[in-house]
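A short write-up of the structure that comes next.
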Amino acid sequence: MYETLSSFAQTWGLGLFVLMFLVAVAYAVWPSNKDKFRAAAHLPLEERDPSDV
């Protein structure tokens with residue numbers, strides 16, 4: 001029973017993580033997200049008054 005459950009979890013777990021990775025990569029390179037990621041990348045470079053936080 002343990003071997004069957006372990007084999008199932010290893011096989012489908014790997015497949016699930018590969019699918020989640022591919023979805024994350026697709027989200028990161030999706031053209032409509034380009035402006036959002038560019039703005040987030042430049043946030044540390046913006047000069048703001050510390051009292052505005």
Side-chain angles (χ1 to χ4, degrees):
M1 177 69 176
Y2 173 77
E3 291 84 14
T4 304
L5 220 85
S6 174
S7 175
F8 177 80
Q10 288 175 1
T11 304
W12 290 103
L14 175 64
L16 177 65
F17 282 117
V18 168
L19 179 66
M20 288 175 15
F21 175 77
L22 292 175
V23 168
V25 168
Y27 176 76
V29 298
W30 204 259
S32 64
N33 292 331
K34 185 178 182 179
D35 294 332
K36 185 185 334 181
F37 287 129
R38 179 169 286 142
H42 287 98
L43 275 175
L45 304 175
E46 291 180 5
E47 291 189 30
R48 290 194 303 179
D49 188 17
S51 63
D52 290 342
V53 178

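In this chain, residues are counted from 1 in sequence order.
Residues M20 and V23 do not share a hydrophobic cluster, defined by chaining ILVMFWY side chains whose heavy atoms lie under 4.5 Å apart. The hydrophobic clustering, which links ILVMFWY residues whose side-chain heavy atoms are closer than 4.5 Å, places L22 and V25 together.
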Sequence neighbours left out, cut at 3.5 Å: what donor-acceptor pairs do the side chains of residues 3-17 make with other protein atoms?
residue	atom	partner	partner atom	Å
S6	OG	Q10	NE2	3.4
T11	OG1	S7	O	2.9

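Once rounded to the nearest 0.5 Å, the distance linking OH of Y27 with CZ of F37 reads 4.5 Å. Atom CD of E46 and atom NE2 of H42 lie 9.0 Å apart (nearest 0.5 Å).
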